[in-house]
2 protein chains.
Amino acid sequence: MKNLIASVKIAINSQLYLKDPESSELGLKIVHKGIDLINSIGFEEFTFRKLGLEIHSPEASIYRYFESKHKFLLYLNAWYWGWMEYRLLLATSNVVSAEKRLEKAVFLMTEGVENDPNFHGVNLVKLQEIVVAEASKTFLNRKVDQANQDGAYQSYKDFVSNVASIIEEINPTYKYPCMLITTVVEGAHQQRFFAEHLPRLTNKQSKPHYLSKFYMDLVLKTIKSN
Amino acid sequence: MKNLIASVKIAINSQLYLKDPESSELGLKIVHKGIDLINSIGFEEFTFRKLGLEIHSPEASIYRYFESKHKFLLYLNAWYWGWMEYRLLLATSNVVSAEKRLEKAVFLMTEGVENDPNFHGVNLVKLQEIVVAEASKTFLNRKVDQANQDGAYQSYKDFVSNVASIIEEINPTYKYPCMLITTVVEGAHQQRFFAEHLPRLTNKQSKPHYLSKFYMDLVLKTIKSN
DNA sequence: ACAAATATGATAGTAATACTATTAACTTTG
DNA sequence: CAAAGTTAATAGTATTACTATCATATTTGT
C-alpha cells in the first residue's frame, strides 16, 4: 500500500511555478513550511520574507520557485484539487451504483480530511483549511482570466466534470450538474467557516457529518425529476 | 412614491466609520466615487490615494471618514444588506402566501438589480457587482471576529433570519434554514462570477432568470419533508 | 579528476502601499 | 465675528512585493 501511494504524483501545470518545487529539498521546504505558515497567520499576513525566516533561506531564493505569493496560492490550490481527483478516483472506482458513487463524491467535497493526514509530507489538514479560507481569493480578482489560461483551475474543473458525469448517469435530463456541484463545494467551505466565526449564518449541529448529510439530501432531492 | 423612498435611510453601525459619510458632501462623494472606482479597477487595486485623485481631495481627508480600505468595504457591504432588507420588506409585505414570499426572497437573492438603478445617488448595479466579486473578502480574513463584534454583518444576518422565518412557516421541521439561505446567496454570487470567467464550473443558460429558477427549484425541493 | 553548469546564500535596492502627522486655509455656527 | 470644526496641502514612515548582483557551494558530464 505504501508503495502504491508513493508512486502517485500530483501533476501541476508548469505555468504556476518558475522551478518545480518537488525537484529539490529547498522547494519541498518552501511548500511544506509555506502551508504551515499560511495556515497559522493567514494569506494576507503571509509574506515570502516571513517564510524565508522560517526556513532560514533568503526571500530571493523563494522567488526563484514562485513568481509571487499569489501564484504560490494558485499552486497550493491546484495541488489540493489534484489530490481530490485522486481521492475521488480511489473512492469511486469499482463502485457499480451511481448513487453510491455520488454519495462518496459529496462526502469528499463536504467533509474534513481525517485519516491520511500526511501525503508526500504535505499536511493535508492544514492545506484543506487553507483552501476553505483562502481558495476563493484565487479567482476573485482581476487576474482570473490569465490564471485560467495558465491552467490554474484545471484540476478543479476536472473534478467537477467527473462528479457531473455521475449526476448525468443518475438523471440524464438534469440541466445544471456543474452549478449544483460548485454550489455544494463552495457552500460547504463557507458553512465550515461560518460555523466557526459567524454561527448565525449557518445551523451548526453537534451530530457527526451533519454538513455532508445536509448537502447529500439537497443534491439528491434537487436532481430528482419531478 | 419618490417621497416615500426619500424618507428611507439605510442604518449603518457606527463602528464601521470614523465620521458618518452621509453627513457631508465630501463623505457622499467618497462613497459614490469609491463604488465607481472599486467597480472599475477591483478592490485589490483600489487605494485611498487613487480615490483622492478622482475626487480631487487628499488621501488624508478620506482617512478621516474611514479607518482603512477594509473598513470601507465593510461599510459598503453593510449598506448593501441594509438595502436588501428594505427591498425584502417591500417585496413581501402584504403577501399572504409564504411560498410567494419565499419566491420573492429567492428572486432578490439571486437576480441582478435591474430597475431602481439609483437610490440616494448610489449606483446599485455597480454596488451589487462589488458585493458579488468582493464581499467574501469582508469575512475571509483574520479580522472577522472583530468585524463581527463591530456589527459589520448585522444586516446580512437579519436578512438571512427574515428569510429563514419564511422557510420555517412553510416547513417548521426543516432543520437547516440558514445554511440553505446562505448557500443560495453565496452560491448565486459565485455562479454569476463563474458564468463570466470560469464557464466550465457552471451551466450558463441564455434563458432569462435561469439562476433564480435553478435556486428556487433547489430550495423548494430541499425544504419539502420526505 | 576537474571544468562547467546550476543552485543557493548574502546583501542591497526600488516603487508602491497603507497609513500618520502637521499646519494652514476655509466655512459654518452661536 | 470669533470660535469651532472641516478640508487642503504636504511630508513622512514602516512594510510589502518584488528585482538585481555577486559570491559561494554543489552537482554533473567527460
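Numbers restart at 1 for each chain; the letters A, B, ... are given by sequence-line order, proteins then strands.
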Output yes when K9(A) and D20(A) qualify as a salt bridge under the 4.0 Å nitrogen-oxygen rule, no when they do not. yes
Salt-bridge present (E196(B), K204(B); N to O < 4.0 Å): no
Taking only the side-chain heavy atoms of [X] (C-beta and beyond), determine which of [options] contains the nearest atom.
X      : options                  : value
S68(B) : dT11(C), dC19(C), dT8(C) : dC19(C)
Y65(A) : dT10(D), dA7(C), dG9(C)  : dA7(C)
A60(A) : dA18(C), dT11(C), dA8(D) : dT11(C)

Could you tell me how far apart [X] ([atom1]) and [N] ([atom2]) are, to the nearest whole angstrom?
X      : N       : atom1 : atom2 : value
L26(B) : dA25(C) : CG    : P     : 20 Å
I62(B) : dT6(D)  : CD1   : C1'   : 15 Å
F66(A) : dA17(D) : CZ    : P     : 16 Å
H70(A) : dC18(D) : NE2   : P     : 10 Å
R49(B) : dA8(D)  : CZ    : P     : 16 Å
H56(B) : dT10(D) : NE2   : C1'   : 18 Å
E25(B) : dT27(C) : CD    : P     : 14 Å
F48(A) : dT11(C) : CZ    : P     : 21 Å

Hey, is the side chain of R64(B) pairing donor to acceptor with the base of dG5(D) inside 3.5 Å? no
Below 3.5 Å, does any donor atom in the side chain of E59(B) face an acceptor in the base of dC19(C), or the other way round? yes
Supply the atom-to-atom distance S40(A) OG to I130(A) CD1, rounded to the nearest 0.5 angstrom. 9.0 Å
Does [X] put a side-chain nitrogen or oxygen below 4.0 Å from OP1 or OP2 of [N]?
X      : N       : value
S24(B) : dT7(D)  : yes
S61(B) : dT7(D)  : no
Y63(A) : dA20(D) : no
T47(B) : dA18(C) : no

Tell me whether the rings of F72(B) and Y75(B) are parallel (<30°), tilted (30 to 60°) or perpendicular (>60°). parallel
Of E129(A), K126(A), Q128(A), which is the lone residue that meets side chain to side chain donor-acceptor pair (under 3.5 Å) with N39(A)? E129(A)
